Amino acid sequence: GDHLTEDMSLPNGPNVGAKALGVFGFLDMHGIDTGKQFVKLAADVNAGDSSLEVAESVTWNVGSEIVITSTSYELKETEKRVITDISSTTITVDQPFEFKHTTKTVSVDDGKDVQMSGEVGLLSKNVRIVGNDYPELEEEQFGGRVIVGTFMQDGITYTGYGRFENVEFATAGQDGWYDFYDPRYALAFLDTGDTIESGEPNVEESYVKKCSFNYVYNSAIGVFGSNNIPIEDNVIYRFTNDGIFVESLNTRINNNLVAMGESVARIKAQGANPSFFGCINIVRASNTTLYGNVMAGCAQAGIYTMGAPCE
């Protein structure tokens with residue numbers, strides 16, 4: 001499908017659109033566990049280097065794609081490479097790096113040391129959802145998308161629940177559909193109500209854990225009217241607008257790496273565009289938990305939130 005493909009609107013439900021996987025029942029997708037999803041650099045990487053040192057060992061495979069975050073003010077210095085060798089904490093890649101990626105320790109006023117380093121994240125998974133390639137893909141920016149939603153037909157309500165773990169979403173999302181009622185993101189949960197934590201088959205449970213989002217033409221993850229969903233230990237590389245956008249209750253957003261977020265205003269040279277986005281956008285969410293997230297190379301903001309009242 002492409003921008004001209006006929007839409008597929010469901011009765012009393014969302015527009016699934018084209019090049020889409022719609023979930024209105026129970027879906028479980030689980031890949032092989034790849035261990036830790038991202039680690040810090042242990043030493044500077046200079047332009048021209050073909051290897052890097054990480055702060056802890058990983059269980060990643062040769063041939064896997066990785067992302068190295070920008071450590072400057074330029075998001076375009078985020079780089080993607082393929083692993084050719086791993087020896088202890090040394091990772092060798094297929095091409096030299098174009099930019100420097102730094103690591104340093106900063107002491108703050110209370111005496112604590114804060115490690116400020118580039119991050120290295122894993123993108124490759126053995127279970128993949130990939131938007132089909134076609135000649136106009138980069139021009140139209142029309143990738144694949146997954147929507148977990150609800151609709152009603154003949155008096156029956158069909159509600160979707162999705163559990164995604166160690167899944168790669170690649171060439172995903174569809175540019176131009178940014179509204180909460182038609183979110184053509186790589187993955188969106190729309191009006192599914194409350195979910196539970198269970199682990200049992202065929203239950204009302206949704207989560208996104210240890211997944212990767214490997215080049216997205218819209219926001220990567222959206223959660224709208226879908227409560228209690230954990231979004232944990234994911235790696236998001238190259239998206240437009242928001243990396244994670246939540247307008248729901250009790251969402252847990254923990255230990256995610258969100259890197260290289262571009263904005264429509266920058267991509268399309270819209271200097272007067274007032275829209276504002278963040279690597280993580282929770283400005284209209286309630287009772288959200290945030291812990292251990294890393295945002296790097298965001299076009300506008302790392303976290304977009306209402307903040308706390310001033311005294």
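What you are looking at is a predicted structure, and each value in this text was computed from that prediction instead of being measured. We number each residue from 1, following the sequence as shown.
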**Report entry** Short N-O contact, D242 and R284, less than 4.0 angstrom
**Finding:** no
Query - Y134, OH: over 12 other non-hydrogen atoms inside 6.0 angstrom - result: yes
Query raised in the report: So if you build clusters from Ile, Leu, Val, Met, Phe, Trp, Tyr with side-chain heavy-atom gaps below 4.5 Å, do M29 and Y207 land together?
Result: no
Query raised in the report: Hey, does the side chain of N234 reach the backbone of I236 with a donor-acceptor pair shorter than 3.5 angstrom?
Result: no
Requested in this report: Look at K209 together with E165 and state whether they make a salt bridge at an N to O cut-off of under 4.0 Å.
Outcome: no
**Report entry** Student check: side-chain heavy atoms of C211 and F169 closer than 4.5 Å
**Finding:** yes
Query raised in the report: Looking at K125 and N166, what are the two nearest heavy atoms and their distance?
Result: NZ-OD1, 3.1 Å
Query raised in the report: How would you list, by chain and number, every residue that makes a side chain to side chain donor-acceptor pair (under 3.5 Å) with D194, sequence neighbours excluded?
Result: N227
Query - Spacing of E79 atom CD and T69 atom OG1 [to the nearest 0.5 Å] - result: 10.5 Å
Requested in this report: Quick one: pull up CD in Q115 and OG1 in T103 and give me the separation to the nearest 0.5 Å.
Outcome: 4.5 Å
Requested in this report: For G35 and T59, work out which heavy atoms get closest and say how close.
Outcome: CA-OG1, 3.8 Å
Requested in this report: Enter the distance from Q174:CD to Y185:OH here, rounded to the nearest 0.5 Å.
Outcome: 12.5 Å
Report summary line: In terms of heavy-atom contacts, S206 and P230 come closest through O-CD, 3.4 Å
Query raised in the report: When the ring centroid of F245 is compared with that of F224, is the distance short of 6.0 Å?
Result: yes
Query raised in the report: Is the F239 to F213 ring centre distance short of 6.0 Å?
Result: no
Query raised in the report: Salt bridge check: are E168 and R128 linked by an N-O gap of less than 4.0 Å?
Result: yes
Query raised in the report: What distance do N241 atom CG and N218 atom CG have between them, rounded to the nearest 0.5 Å?
Result: 6.0 Å
Query - Ring centers of Y215, Y217 separated by less than 6.0 Å - result: yes
Query - E6, CD atom: more than 12 neighbouring heavy atoms under 6.0 Å - result: no
Query raised in the report: Using 4.0 Å as the upper bound for N to carboxylate O, is an ion pair formed by R252 and E197?
Result: yes
Requested in this report: Return the set of residues passing side chain to side chain donor-acceptor pair (under 3.5 Å) with R145 (not counting sequence neighbours), or none when no residue passes.
Outcome: none
Query - Atom CG of D109: over 12 foreign heavy atoms under 6.0 Å - result: no
Report task. Would you please test K76 and E262 for salt bridge (charged side-chain N to carboxylate O under 4.0 Å, His left out) and show each step? Result -> CA-CA 9 Å; K76 296 288 189 179; E262 302 203 52; 3.2 Å; yes
Query raised in the report: Do Y161 and T195 touch side chain to side chain, with heavy atoms closer than 4.5 Å?
Result: yes
Query raised in the report: Can you tell me how far CG of N254 sits from CD of E232, rounded to the nearest 0.5 angstrom?
Result: 5.0 Å
**Report entry** Side-chain (S107) to main-chain (G111) donor-acceptor, under 3.5 angstrom
**Finding:** no
Query raised in the report: Just wondering, do I280 and M295 contact through their side chains at under 4.5 Å, heavy atoms?
Result: yes
Requested in this report: Please list, chain by chain and in numerical order, all residues satisfying side chain to side chain donor-acceptor pair (under 3.5 Å) with E205, sequence neighbours excluded.
Outcome: R163
Requested in this report: For the residue pair F142 and W177, categorise the inter-ring angle as parallel (less than 30°), tilted (30 to 60°) or perpendicular (more than 60°).
Outcome: perpendicular
Query raised in the report: Distance-only, no hydrogens or angles: does the S212 side chain make a donor-acceptor pair with backbone N or O of L123 under 3.5 Å?
Result: yes
Query raised in the report: Are L257 and I231 joined in one hydrophobic group, where the rule is that I, L, V, M, F, W and Y side chains link up if heavy atoms are under 4.5 Å apart?
Result: no
Report task. Apply side chain to side chain donor-acceptor pair (under 3.5 Å) to E53 and T89, showing your working. Result -> CA-CA 6 Å; E53 290 288 332; T89 56; 3.1 Å; yes
Query raised in the report: Between I66 and W60, is any pair of side-chain heavy atoms under 4.5 Å apart?
Result: yes
Requested in this report: With rounding to the nearest 0.5 Å, note down the distance linking CG in L249 to OG1 in T251.
Outcome: 7.5 Å
